[in-house]
Enquirer: 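Please see the structure below; I have some questions.
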Amino acid sequence: MTTIYLQIKGTGSFLPPYVLTNDALEHMVDTSDEWITDRTGIKERRLAKETATYEMATSAALKALEDAQVSPQDIDLIIATTITPDYFTPSLSCLVQKEIGADNAFCFDVNAACSGFCYALDVADCYIKTGKAKRILIVASEALSRITDYTDRNTCVLFGDGAGAVVVSGGDEPGMTDSFLAATGRDGEVLAADMFGDGAARVRMNGKEVYKFAVSVNIKIVNLLLERNSLTVGDIAYIVQHQANKRIISAVSNKLGLSEDRIFMNLDKYGNTSSASIPICLDEMNRSGMLKKGDKVILVGFGAGLTYGGVLLTW
Ligand code: UT7
């Protein structure tokens, strides 16, 4: 029996135009451009302001559909990932369906925080492999500015808003060849967003604990995917990690012996956009021509839950 692989056919992203720089943050909390740059690598981030999460998602989705040359009518499943939806219900995926006119799709959302895109790819892979869906739109959209406390310097310098999307379908040439998902709910308190009575939520985080978790699970995921597929780090064209902190990415790269030209980073421009960060990276890599057919790429997500996961792709 031939194996059916999930293949990424198109990518898209949307970043809202409003830029919040480190210099501007200096006027909001007791911080400095020097501290933020040294400790995180972030220089600026985008804020959605009046733009809804579903509007960012729709823009990214339309670009991915155009890149894939797939009509919305041909999409049979939409999976959206977000921790900052506009409504408890309808779901983000249903809102996107309505906006793009993907009338033949069924729709649901995944909440796995910053690991959401890896989780969604894994779910999509199951639908593709079983033949229950043929063309799937995955869209990750986050307006973290809506749950960020701009009086808390420990967190407000980190987050930004944006959306990324991919269109996937099945094929017999290798695409997504392996994946790994995990969660440790018992540690969930180190990174959470409380829901207050008025519906407002605010992120709280033990940065040091999340940092240690992030470095250790990143290394674990990459090593597991390499070993399981009899690969070495030298076989991998790029590792695309969730964009949380430059020091996390560098610590992982150093530990794995990975040179800088094989990691992709755009967190200096956008900060941490949660589940949108990996598909935004993929879209920038795709459109700039960095990704060549046959390149092996590992995606690594980690975040609140706590959740983590990785995907091995052949582009
Ligand atoms: O998607 C996953 C989401 N989260 C993450 O990935 C976050 C992971 N953690 C991190 O990235 C880092 O832990 C942070 C960037 C959040 C913090 O960096 P750190 O090197 O762990 O700093 P720290 O929390 O140990 O704080 C060191 C000092 C403290 O001052 P004292 O106690 O030494 O006087 C903080 O109060 O830096 C202070 N500090 C700041 N100073 C200026 C904390 N935030 C700021 C700030 N500006 N924005």
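In listed order, ligands and their atoms are each counted from 1.
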Enquirer: Is Glu173 paired with Lys293 through a side-chain N to carboxylate O contact shorter than 4.0 Å?
Expert: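 So Lys293 pairs with Glu173 through a salt bridge.
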Enquirer: Would you kindly confirm whether Leu312 and Phe180 end up in one hydrophobic cluster when ILVMFWY residues are joined by side chain heavy atoms under 4.5 Å apart?
Expert: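 The answer is yes; both residues are in one hydrophobic cluster.
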Enquirer: Are Ile128 and Ile75 connected into the same hydrophobic cluster when the rule is that any two of I, L, V, M, F, W, Y join if their side-chain heavy atoms are below 4.5 Å apart?
Expert: no
Enquirer: Tabulation required: pairs of a nitrogen or oxygen in ligand 1 and a protein nitrogen or oxygen under 3.5 Å; columns are atom names and distance to 0.1 Å; otherwise 'none'.
Expert:
from: ligand 1; atom 1: 1 (O); to: His242; atom 2: NE2; distance (Å): 2.9
from: ligand 1; atom 1: 1 (O); to: Asn272; atom 2: ND2; distance (Å): 2.9
from: ligand 1; atom 1: 9 (N); to: Gly207; atom 2: O; distance (Å): 3.0
from: ligand 1; atom 1: 11 (O); to: Asn245; atom 2: ND2; distance (Å): 2.7
from: ligand 1; atom 1: 13 (O); to: Gly207; atom 2: O; distance (Å): 3.2
from: ligand 1; atom 1: 18 (O); to: Arg247; atom 2: NH2; distance (Å): 3.4
from: ligand 1; atom 1: 20 (O); to: Arg39; atom 2: NH1; distance (Å): 2.8
from: ligand 1; atom 1: 20 (O); to: Arg247; atom 2: NH2; distance (Å): 2.9
from: ligand 1; atom 1: 21 (O); to: Lys208; atom 2: NZ; distance (Å): 3.1
from: ligand 1; atom 1: 22 (O); to: Arg39; atom 2: NH1; distance (Å): 3.4
from: ligand 1; atom 1: 25 (O); to: Lys208; atom 2: NZ; distance (Å): 2.6
from: ligand 1; atom 1: 36 (O); to: Arg153; atom 2: NH2; distance (Å): 2.9
from: ligand 1; atom 1: 37 (O); to: Trp35; atom 2: NE1; distance (Å): 3.3
from: ligand 1; atom 1: 41 (N); to: Trp35; atom 2: NE1; distance (Å): 3.4
from: ligand 1; atom 1: 41 (N); to: Arg153; atom 2: NH1; distance (Å): 3.4
from: ligand 1; atom 1: 47 (N); to: Thr31; atom 2: OG1; distance (Å): 2.6
from: ligand 1; atom 1: 48 (N); to: Thr31; atom 2: OG1; distance (Å): 3.1
from: ligand 1; atom 1: 48 (N); to: Arg153; atom 2: O; distance (Å): 3.0

Enquirer: Not counting sequence neighbours, list each pair that qualifies as a ring-ring contact (aromatic ring centres under 6.0 Å, His included) and has a residue in residues 204-254.
Expert: Phe213-Tyr308, His242-Phe302
Enquirer: Would you mind listing every ring-ring contact (aromatic ring centres under 6.0 Å, His included) that reaches into residues 114-140, with sequence neighbours excluded?
Expert: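 Found Phe106-Tyr127.
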Enquirer: Name all residues meeting the side-chain hydrogen bond (donor to acceptor under 3.5 Å, both in side chains) criterion together with Asp33; count only those two or more places apart in sequence or in a different chain, and write none if there are none.
Expert: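 Counting only residues at least two positions away or on another chain, Asp33 forms a side-chain hydrogen bond (donor to acceptor under 3.5 Å, both in side chains) with Asn22, Thr37, Lys43.
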